[in-house]
Amino acid sequence: MAESRASSEGIVRELPRLRQDFDAALAGVRDGAGLQELRTRFLGRKSGELTLLFGRLGGLKNEERRLAGAELNTLKQEVEARLEARRAELEAGDREERLRHDRVDVTLPGRVGPVGRRHPLTVVREELEDIFLSMGYEVYDSFPEVDDDFHCFEALNMPPDHPARDMQDTFYLEGGDRLLRTHTSTGQIRYMLSNPHPPRVRIICPGKVYRRDDDITHSPMFQQVEGLVVRAGITLADLKGTIEAFLHALFGPQYPIRFRSSFFPYTEPSVETDLGCIVCGGGGCRVCKQTGWLEILGSGMVHPAVFEAVNRKLGKVVYDPEEVTGFAFGLGIERVAMMRHGIDDIRLFYGSDLRFLEQFHR
Ligand SMILES: [Zn+2]
């Protein structure tokens with residue numbers, strides 16, 4: 001009896017310390033995991049500190065068990081209530097934090113990042129390609145910028161003493177065997193060599209070309225579009241009709257077009273094409289040097305020597321000058337862009353100055 005009484009008091013005496021420990025631990029809880037840990041420490045089913053005290057009730061007499069049990073239950077309920085309150089508190093804090101973090105102020109103005117545009121020369125090149133694609137042409141652009149004497153000069157009927165081969169005009173690579181192509185006409189030769197079938201050619205070759213020139217109207221790198229049509233029965237009338245259709249599509253049908261006799265080594269006859277000045281309408285201005293006309297395009301009927309050079313390289317007669325004829329033409333992309341936008345310095349296109357480039361919205 002005396003022992004039981006001592007035990008009952010022993011249990012009750014431990015409760016203030018337990019409450020104190022719980023208070024201290026609860027104050028340190030910062031999240032759900034900490035809370036769960038605390039719950040296990042005091043109420044865990046096997047070794048919770050409160051649970052162990054409940055286990056000791058079994059050794060007490062009825063009356064003492066009732067008194068001590070009541071005390072224990074009171075504390076247990078208190079612990080459970082405070083754990084629950086702290087859980088609700090943590091959850092509310094999480095929600096608040098989330099709301100603060102995720103808040104969207106719908107009244108703020110949007111942020112507009114800088115928007116890139118296509119380069120004005122890219123716009124012109126794609127426009128040229130579209131026009132010729134609509135006329136049934138193929139775009140051939142897989143020919144190299146570093147080429148050799150044969151494709152750039154020899155096959156295009158330029159003998160070794162031709163001025164276009166002069167060191168002043170051409171960039172040669174070390175060793176002198178290779179060069180940077182000076183015109184997209186290399187594309188004509190490479191296409192015919194890579195298509196040794198019964199000849200039926202209708203291509204344009206857009207690309208960068210290189211010459212040792214650098215002033216207000218010349219850039220050491222510029223862009224051309226070459227055209228080549230080969231078939232039985234092609235005549236100068238086909239050339240004329242094609243170029244008229246192309247220039248009308250590009251600039252509009254209101255500008256007059258004229259053809260002048262000219263000279264290129266790889267065409268015979270050769271023709272220069274002028275367009276009525278799109279700046280002054282033909283009356284004469286600074287851009288057209290008071291002539292009322294703008295040079296736009298060089299062309300001509302493919303010289304038989306070009307076909308013969310290709311045949312020699314192929315080792316058989318595929319492009320027989322007795323069977324097929326063709327025409328070729330070429331124009332500068334920068335020139336078209338300069339005419340269209342009234343730009344008088346070609347170097348602006350390659351200066352990467354955004355104040356210039358941002359003016360082109362198409
Ligand atoms: Zn003019």
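The residues of the chain are indexed from 1 along the displayed sequence. This structure is a prediction, so every number in the text was calculated from the model and none was measured. Computed over heavy atoms, backbone and side chain alike; hydrogens, waters and symmetry mates excluded.
- With Met339 as the partner, the side-chain contact (heavy atoms from CB on, under 4.5 Å) test is satisfied by one option alone out of Val279, Val287, Val124, Ile278: Ile278.
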* **Phe42/Thr51 under side-chain contact (heavy atoms from CB on, under 4.5 Å): CA gap, chis, key distance, verdict** => CA-CA 7 Å; Phe42 284 89; Thr51 314; over 6 Å; no
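- Taking the side chain as every heavy atom from C-beta outward, Ser185 and Leu156 approach each other to under 4.5 Å.
- Classification of the His119-Tyr350 ring pair by plane angle, with boundaries at 30° and 60°, yields parallel.
- With contacts defined as side-chain heavy-atom distances shorter than 4.5 Å, the pair Thr170/Leu180 does not qualify.
- Ring geometry for Tyr319 against Phe307 counts as parallel: the plane angle stays under 30°, on a 0 to 90° scale with 60° as the upper cut.
- We find that Arg66 and Glu63 are joined by a salt bridge, their nearest charged nitrogen and carboxylate oxygen being less than 4.0 Å apart.
- Side-chain N or O atoms of Arg190 include none that pairs as donor or acceptor with a backbone N or O of Ser142 at under 3.5 Å.
- The existence of a salt bridge linking Glu91 and Arg87 is confirmed by a sub-4.0 Å separation between a basic side-chain nitrogen and an acidic carboxylate oxygen.
- Scanning all heavy atoms of the two residues, the minimum distance from Pro206 to Glu129 falls at CG-OE2, 3.4 Å.
- Here the OG1 atom belonging to Thr74 is positioned 8.5 Å from the CZ atom belonging to Arg19, to the nearest 0.5 angstrom.
- Annotation for Gln20: atom CD does not count as buried by contact number, only 12 or fewer foreign heavy atoms lying within 6.0 Å.
- The pair Glu80-Arg39 fails the salt-bridge criterion, with no side-chain N (NZ, NE, NH1 or NH2) lying under 4.0 Å from an Asp/Glu carboxylate O.
- A salt bridge does not link Arg335 with Glu295: every distance from a Lys NZ or Arg NE/NH1/NH2 to an Asp or Glu carboxylate oxygen is 4.0 Å or more.
- Proximity of Leu250 to Leu128: side-chain heavy atoms (C-beta onward) are separated by under 4.5 Å at one or more points.
- Taking both residues in full, the closest heavy atoms of His162 and Pro265 are given as NE2-CG, 3.3 Å, listed atom of the first, atom of the second, then distance.
- The same ILVMFWY cluster, assembled from side-chain heavy atoms under 4.5 Å apart, contains both Leu18 and Leu83.
- Atom CZ of Arg95 has 12 or fewer heavy atoms from other residues, nucleotides or ligands within 6.0 Å.
- Of all the heavy atoms in Ala68 and Leu57, the pair that sits closest is CB-CD2, 3.6 Å.
- For Gly136 against Arg202, the heavy-atom pair with the smallest separation is O-NE, 3.4 Å.
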* Asked: When you look at Tyr191 and Glu138, which way does the side-chain hydrogen bond (donor to acceptor under 3.5 Å, both in side chains) test go after all the steps?
  -> CA-CA 11 Å; Tyr191 185 88; Glu138 177 189 340; 3.1 Å; yes
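- Between Arg41 and Glu49 there is a salt bridge, since at least one side-chain N of the basic residue sits less than 4.0 Å from a carboxylate O of the acidic one.
- Within a 6.0 Å radius of CD in Glu126, other residues, nucleotides and ligands contribute more than 12 heavy atoms.
- The backbone N or O of Gln223 lies less than 3.5 Å from a partner atom in the side chain of Glu334, making a donor-acceptor pair.
- Between Met338 and Asp344 there is no side-chain heavy-atom pair separated by less than 4.5 Å.
- The pair Glu14-Arg56 meets the salt-bridge criterion, since a charged nitrogen lies less than 4.0 angstrom from a carboxylate oxygen.
- Between His183 and Cys152, the closest side-chain pair of non-hydrogen atoms falls below 4.5 Å.
- Considering every non-hydrogen atom in both Ile343 and Ala337, the closest pair reads CD1-O, 4.4 Å.
- Taking every heavy atom of both residues into account, Thr273 and Ser299 meet most closely at OG1-OG, 4.5 Å.
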* Step by step, would you call Val324 with Arg200 a side-chain contact (heavy atoms from CB on, under 4.5 Å)? -> CA-CA 9 Å; Val324 296; Arg200 209 177 161 81; over 6 Å; no
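- Taken to the nearest 0.5 Å, the CG atom of Leu90 stands 12.5 Å off from the CD atom of Glu97.
- A distance below 6.0 Å separates the ring centres of Phe132 and Phe329.
- No donor-acceptor pair closer than 3.5 Å links the side chain of Asp102 to the backbone N or O of Leu99.
- A cation-pi contact, defined as under 6.0 Å to the ring centre and within 45° of the axis, links Lys313 to Phe150.
- With respect to Arg98 and Asp94, no salt bridge is recorded, no charged nitrogen being found less than 4.0 Å from a carboxylate O.
- Using a 4.0 Å cut-off between a side-chain N of Lys or Arg and a carboxylate O of Asp or Glu, Arg178 and Asp147 do not qualify as a salt bridge.
- Two rings, from His341 and Phe360, have their centers less than 6.0 Å apart.
- Glu226 places no side-chain N or O within 3.5 Å of a backbone atom of Cys205 that could act as its donor or acceptor partner.
- Using a 4.5 Å cut-off on side-chain heavy atoms (C-beta onward), Leu239 and Thr242 make no contact.
- Not a single donor-acceptor pair under 3.5 Å links the side chain of Asn73 to the backbone N or O of Lys76.
- Transitive grouping of hydrophobic side chains (ILVMFWY, heavy atoms separated by less than 4.5 Å) brings Ile346 and Leu331 into a common cluster.
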* **Pair Phe259-Glu272, side-chain contact (heavy atoms from CB on, under 4.5 Å): steps then yes or no** => CA-CA 6 Å; Phe259 294 85; Glu272 194 84 49; over 6 Å; no
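- Under a hydrophobic-cluster definition in which Ile, Leu, Val, Met, Phe, Trp and Tyr are linked whenever side-chain heavy atoms come within less than 4.5 Å, directly or via other members, Val79 and Leu52 are assigned to different clusters.
- Note on Asp23 versus Arg82: salt bridge recorded, some NZ/NE/NH1/NH2 to OD/OE distance being below 4.0 Å.
- With Asn311 contributing its side chain and Val318 its backbone, the two residues share a donor-acceptor pair below 3.5 Å.
- In this pair, Phe251 and Tyr255 present their aromatic rings perpendicular. The plane angle is above 60°, beyond the 30 to 60° band.
- For Tyr210 and Phe171, the ring centers are positioned 6.0 Å apart or more.
- With respect to Arg258 and Asp274, a salt bridge is recorded, a charged nitrogen being found less than 4.0 Å from a carboxylate O.
- Val209 and Val146 fall into different hydrophobic clusters, defined by Ile, Leu, Val, Met, Phe, Trp and Tyr side-chain heavy atoms under 4.5 Å apart, directly or through other members.
- No donor-acceptor distance shorter than 3.5 angstrom exists from the side chain of Thr122 to the backbone of Arg118, with no hydrogens or angles considered.
- Ion pairing between a basic and an acidic side chain is recognised when a charged N comes within 4.0 Å of a carboxylate O; Arg355 and Asp353 show such pairing.
- Side-chain contact between Ile189 and Val306 is present, with heavy atoms from C-beta onward closer than 4.5 Å.
- Phe349 places a side-chain heavy atom less than 4.5 Å from the side chain of Phe356.
- Hydrophobic clustering (side-chain heavy atoms under 4.5 Å, transitive across Ile, Leu, Val, Met, Phe, Trp, Tyr) keeps Phe222 apart from Phe264.
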